[in-house]
Amino acid sequence: MSFKIIADTFSVSRDSDHFILLKTLKKPRTEDQVWLAIEIVDNAKYARATAQSIIDTMEGVFFENANEDAYERFENALKEINLIIRNIQEKKGVKTIGSVSAIIGVLSGETLHITQSKNAEAYLIRKGKLSMISEGLTGKSEDLFVNIASGELLPEDKVIFATSRLLRLATQSQIVQIMQDGVTEALDSVRDLVLSDQELSVGVTCLHVKLPARGTLPAAATATTFGHYLEALEQGWKKAASLIGWQKIADSISKKTGIKLKTKGLNRNKILLAILGAILLLILSVTFLMNSSRDGALRDEYRLRIEAMNQDLHTANTKGYANEKETANAILDKVEKEARDILGTNFFRAEALTLLEKVQQTRDSINNTMRLAEVKPYADLSAKKEKAEALGFVSLDDNFYVYEYNTLFQVILSQVLDPKPIDETEVVVRAAPMEDFDLIAFLTQSGRIIEYDNGQFRSANTEDANWQPAVDMAAYGKYLYLLSPAKNQIFKYTRLRASYSAAAGYNEDADLAEAISMAIDGDIYVLKKGGEIVKIYKSKKQPFTVEDMAADISEATKIFTSIETKGLYILDPVNKKVIIVDKDVNGVPRYRKQVVFENLEDVQSLHVDKAEDKLYLLTKKAIYQIDI
């Protein structure tokens, strides 16, 4: 008999010196299962590679010859792991491995085999009592894994694998009390104990042994069985009718009952109709039984999938807490897809909807997502122009300036002033504030630069014959930068007394094809179509990979930062969100959070104040202020 195992895991790693990896191994066409809980200390450089070597070796050797005895396969796998570890130590030194506390459990049929190293421990809870089943497995050998313990499991047993001693946190009776709940709920309580310690790093796997569900005939087999039955019934009836005939049927009835029947007076059509009706009733009954059996099989299948998805949710939450955001989000994506598949059936729709809600809540928690159900306008442009069509806005002297293709609105303390015409013959596409000169530069569709200075608009000239073509512009100090993906260049202009210098190419080695937006804080950040961000400093491309990136920015259209802000702000109007990335956390950019504005349409641009506590979003008709 093979048990049904309900399993769940969690890990808490306090710092980079503690690497923890929990893994479950199972292969098709075998009921054997393997659980590994590995914690490696003082080996930050090679920890992941070491743990993965243990897992890969265990998987490759143990499942290679599934027909052989499980104990022998387990023993051979451990010998191979010990050999690999020794080889690494001989080539790279003993310290390269670090301190490995690991426990490996193998379940084959009703028998559990375990091995252990260093501080890892295994506990069995049976009939309200807790026993340590890994005691004495560590020998005097220099090998990582020395001994194997084996024992039979019983229904309702619970097994705990831990990379550190849990009994330092609670007594045996307290752990037994905690484990009376379901696996997921019990691990939540154990996690709370671990977190209260402030120092302990640990990985925990919990198994709950259950009797397998009673077998149900698969839907396909059921359909085949009844299909053959109906076919045989039909053929038998046809044969009987042709061989016996109506008279023989009547004679047979008379002989058995003593009642003489005359076929001459019988209405053969009525008899045939009655027989056909009986057959139809039989077919309907069989069909009903087939559908009921198939529905029962599907219901059992979906019930198991719902249980598995709830376990996956818990695992995702654990991974997120351990800052393994990429893994956690991959698990959530899988759960969401499966829940939507079930939602398309007639089974467990309420449970599927609940799962989808939990997926969003878990994803928001892991990814530090702020959802805005309702946002009130900070400044309403339509109060001054009913059919306002704002394109963008800039901030200068703590006031906002919102521009349409030929109109400028000034906003002072949320009050919108009367709009001013920019140029009757030009179409404005971009703007940039030049704070050192207290003016705003506008880029037009025809390639001109128009300045707004002290309430007046004027055309600005360059020492070149024409301005370089551009899709975006930004200013920094006395310099105006034009982004030109068509020429794979950022053109730098110096503002002179009443005009601008000739263009100087700033970019030396970055690929700016399909660039769409630019921001400057001393470094230049370029957003490309598809979400790639290019960082340039002193004309050279710099490495820029966001750590722990938990948001897709492939639909992003605008990027914003300033010399005062620590964050890089990326607008995705399609998915209605702003992604915030810290520009420098220990020398690398890192994901911080995202703000989702579900009820705002047509967001055109964004701005963040110098204190980074307020985010401003511009739609075609209003500015919205959000506390972040």
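Every heavy atom of this structure was used, including side-chain atoms; hydrogens, water molecules and symmetry mates were not.
- A donor atom on one side chain and an acceptor atom on the other are not found under 3.5 Å apart for Ser101 and Glu39.
- Side-chain atoms of Met309 and Val359, non-hydrogen and from C-beta on, never get closer than 4.5 Å to each other.
- Under the side-chain contact (heavy atoms from CB on, under 4.5 Å) test applied with Ile104, the options Ile55, Val34, Ile38 reduce to a single match, Val34.
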For Asp32 and Ser108, what are the C-alpha separation, side-chain angles and deciding distance, and is it a side-chain hydrogen bond (donor to acceptor under 3.5 Å, both in side chains)? CA-CA 5 Å; Asp32 294 345; Ser108 181; 2.9 Å; yes

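- A side-chain donor-acceptor contact under 3.5 Å links Asp552 to the backbone of Ser554.
- Looking only at side-chain heavy atoms (C-beta outward), Gln33 and Ile5 come within less than 4.5 Å of each other.
- In the displayed structure, Glu326 atom CD is contacted under 6.0 Å by at most 12 heavy atoms of other residues, nucleotides or ligands.
- Considering only heavy atoms from C-beta on, Ile114 comes within 4.5 Å of Leu112 through its side chain.
- For the residue pair Lys118 / Thr138, no side-chain donor-acceptor distance below 3.5 Å is found, with atom types taken as modelled.
- A donor-acceptor contact shorter than 3.5 Å links the side chain of Asp69 to the backbone of Tyr71.
- Remark: side-chain polar atoms of Asp609 are paired, donor with acceptor, to backbone N or O of Lys614 under 3.5 angstrom.
- Checking side-chain atoms of Asp572 against main-chain N and O of Asn575 turns up a donor-acceptor pair under 3.5 Å.
- With 3.5 Å as the limit, one finds no donor-acceptor pair spanning the side chains of Asn367 and Thr369.
- Across Leu617 and Phe597, no two heavy atoms sit closer than the pair CD1-CD2, 3.5 Å.
- Minimum interatomic distance between Cys206 and Met179 (heavy atoms only, all atoms of both residues): SG-CE, 3.0 Å.
- A donor-acceptor pair shorter than 3.5 Å can be found between the side chains of Thr184 and Asp8.
- Shown here is Asn586, whose CG atom has no more than 12 heavy atoms of other residues, nucleotides or ligands within 6.0 Å.
- Enclosure of atom CD in Glu142 is not indicated, since only 12 or fewer non-hydrogen atoms of other residues, nucleotides or ligands lie within 6.0 angstrom.
- Listed here is the closest heavy atom pair of Ile628 and Lys593: O-NZ, 3.7 Å.
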Evaluate side-chain contact (heavy atoms from CB on, under 4.5 Å) for Gln180 paired with Gln177, printing each intermediate quantity in order. CA-CA 5 Å; Gln180 285 181 350; Gln177 182 68 29; 3.4 Å; yes

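- Considering all non-hydrogen atoms of both residues, Ile20 and Val12 come closest at CD1-O, 3.4 Å.
- Here the rule is side chain to side chain donor-acceptor pair (under 3.5 Å) with Asp157, and of Arg126, Lys127, Lys210 only Arg126 fits it.
- The shortest heavy-atom contact between Pro573 and Thr557 is CD-OG1, 3.3 Å.
- Under the 4.0 Å criterion applied to side-chain N and carboxylate O atoms, Glu64 and Arg73 are not assigned as salt-bridge partners.
- Checked against the 6.0 Å centroid criterion, the rings of Tyr616 and Tyr624 do not qualify as a close aromatic pair.
- Within a 6.0 Å sphere centred on NZ of Lys158, other residues, nucleotides and ligands contribute more than 12 heavy atoms.
- In this structure, CG on Asp341 lies 7.0 Å from CD on Glu338, to the nearest 0.5 angstrom.
- Under the 4.0 Å criterion applied to side-chain N and carboxylate O atoms, Glu121 and Arg165 are assigned as salt-bridge partners.
- Between Asp584 and Lys566 there is no salt bridge, since no side-chain N of the basic residue sits under 4.0 Å from a carboxylate O of the acidic one.
- Summarising the geometry, atom OG1 belonging to Thr115 is positioned 9.5 Å from atom CE belonging to Met58; distances are rounded to the nearest 0.5 Å.
- A donor-acceptor pair under 3.5 Å is formed between the side chain of Gln174 and the backbone N or O of Thr171.
- Although no hydrogens or angles enter the test, the distance criterion places no donor-acceptor pair under 3.5 Å between the side chain of Thr163 and the main chain of Ala37.
- Of the residues Asn87, Ile81, Leu83, the one that meets the side-chain contact (heavy atoms from CB on, under 4.5 Å) test with Ile85 is Ile81.
- Residues Ile148 and Leu78 are in side-chain contact: their nearest non-hydrogen atoms beyond the backbone lie under 4.5 Å apart.
- With Tyr123 contributing its side chain and Ala162 its backbone, the two residues share no donor-acceptor pair below 3.5 Å.
- Note that the CG atom of Leu21 and the CZ atom of Arg48 stand 7.0 Å from one another [nearest 0.5 Å].
- Nearest approach of Ala51 to Ile40, heavy atoms of both residues: N-CD1, 3.9 Å.
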Is there a side-chain hydrogen bond (donor to acceptor under 3.5 Å, both in side chains) between Thr111 and Glu152 once you walk through the steps? CA-CA 4 Å; Thr111 304; Glu152 301 296 317; 2.7 Å; yes

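- Checking Ser164 against Asn119 by side-chain atom types alone, no donor-acceptor pair falls below 3.5 Å.
- For the pair Val581/Pro589, a side-chain contact is recorded, criterion being any heavy-atom separation below 4.5 Å from C-beta on.
- For Lys26, the NZ atom is densely surrounded, since the number of other residues' heavy atoms within 6.0 Å is greater than 12.
- In this structure the side chain of Asp613 never reaches within 4.5 angstrom of the side chain of Asp627, judged on heavy atoms.
- To the nearest 0.5 Å, atoms CG (Leu343) and CG (Leu355) are separated by 10.5 Å.
- Relative ring orientation between Phe74 and Phe62 is described as perpendicular, the plane-to-plane angle rising above 60° on a 0-90° scale split at 30° and 60°.
- Note: Ile6 CD1 to Leu207 CG = 10.5 Å, rounded to the nearest 0.5 Å.
- Put simply, NZ on Lys325 and CD1 on Ile366 are 8.5 Å apart, with the number rounded to the nearest 0.5 Å.
- Taking the charged nitrogens against the carboxylate oxygens, Glu307 and Lys4 do have a contact shorter than 4.0 Å, which makes a salt bridge.
- In this structure, Thr565 contributes its side chain and Thr561 its backbone to no donor-acceptor pair below 3.5 Å.
- When atom types are taken as modelled, the side chain of Asn147 and the backbone of Leu137 share a donor-acceptor pair closer than 3.5 angstrom.
- The environment of Gln361 atom CD is dense: over 12 non-hydrogen atoms of other residues, nucleotides or ligands sit within 6.0 angstrom.
- You'll find the side chain of Ile54 reaches within 4.5 Å of the side chain of Leu36, heavy atoms only.
- In this structure, Ser134 contributes its side chain and Ala122 its backbone to a donor-acceptor pair below 3.5 Å.
- Residues Glu612 and Tyr569 have side chains that bring a donor and an acceptor to within less than 3.5 angstrom of each other.
- Defined by atom type and a distance below 3.5 Å, a donor-acceptor pair is missing between the side-chain atoms of His113 and Glu75.
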